[in-house]
Amino acid sequence: ESNVAAMGDTLRAHVRAQVAEILKYSGQGEDVLFAEAKTLGDAALSVAEVAGAADMVAIGEVARGLSAMVAGLSTGVWHSDALLVHVRSLALVSAQGAPTAQDAVVLERLAAMRKTIGVVE
């Protein structure tokens, strides 16, 4: 735990950099999202893997859902509109800084959307 705590600033910088990369896709069309799905999914997975240790739990959970959305492509589940909702939710959650009560609502609704469209997590 002390090693993770000592790496906190480095982990947070990594998360912020990966989130910035993901947010570049916010205004993109379906063709770009589809073509760049692996890159987008890799960045989301990277955030999901370390955000909790960086005390950025909500960001990590949105990124985990985004990663699941991209992984759904391999099973034939592709909803670019829902993918963009995740990207924009990541922007919202990361802009708020400290965790808020709204984070839980955002996470709950994203999970419900994934379940409704058939994304297996």
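For the atom pair Asp31 CG and Glu36 CD, the distance stands at 10.5 Å (nearest 0.5 Å).
Remark: the backbone N or O of Ser26 is paired with a side-chain donor or acceptor of Arg88 at under 3.5 angstrom. At least one donor-acceptor pair under 3.5 Å links the side chain of Ser94 to the backbone N or O of Leu90.
In this structure, the salt bridge (charged side-chain N to carboxylate O under 4.0 Å, His left out) partners of Glu21, at least two apart in sequence or on a different chain, are Lys24.
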List the atom pairs, with distances to 0.1 Å, where a side-chain N or O of residues 75-82 and a protein N or O form a donor-acceptor pair under 3.5 Å, not counting sequence neighbours.
{"from": "Thr75", "atom 1": "OG1", "to": "Gly72", "atom 2": "O", "distance (Å)": "2.9"}
{"from": "Trp78", "atom 1": "NE1", "to": "Glu30", "atom 2": "OE2", "distance (Å)": "3.2"}

Extract all donor-acceptor atom pairs below 3.5 Å that involve side chains of residues 47-69 and protein atoms in other chains or at least two apart in sequence.
{"from": "Glu61", "atom 1": "OE1", "to": "Arg64", "atom 2": "NE", "distance (Å)": "3.2"}
{"from": "Glu61", "atom 1": "OE1", "to": "Arg64", "atom 2": "NH2", "distance (Å)": "3.2"}
{"from": "Arg64", "atom 1": "NH1", "to": "Glu121", "atom 2": "OE1", "distance (Å)": "2.4"}
{"from": "Arg64", "atom 1": "NH2", "to": "Glu121", "atom 2": "OE1", "distance (Å)": "3.2"}

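Residues Val85 and Met113 come closest through the heavy atom pair CG1-CE, 3.4 Å.
Counting heavy atoms from C-beta outward, Leu83 and Leu40 have side chains that approach closer than 4.5 Å. Put simply, the side chain of Val19 does not reach to within 4.5 Å of the side chain of Arg16, judged on heavy atoms.
Clustering ILVMFWY residues whenever any of their side-chain heavy atoms sit less than 4.5 angstrom apart, transitively, puts Tyr25 in a cluster other than the one holding Leu45.
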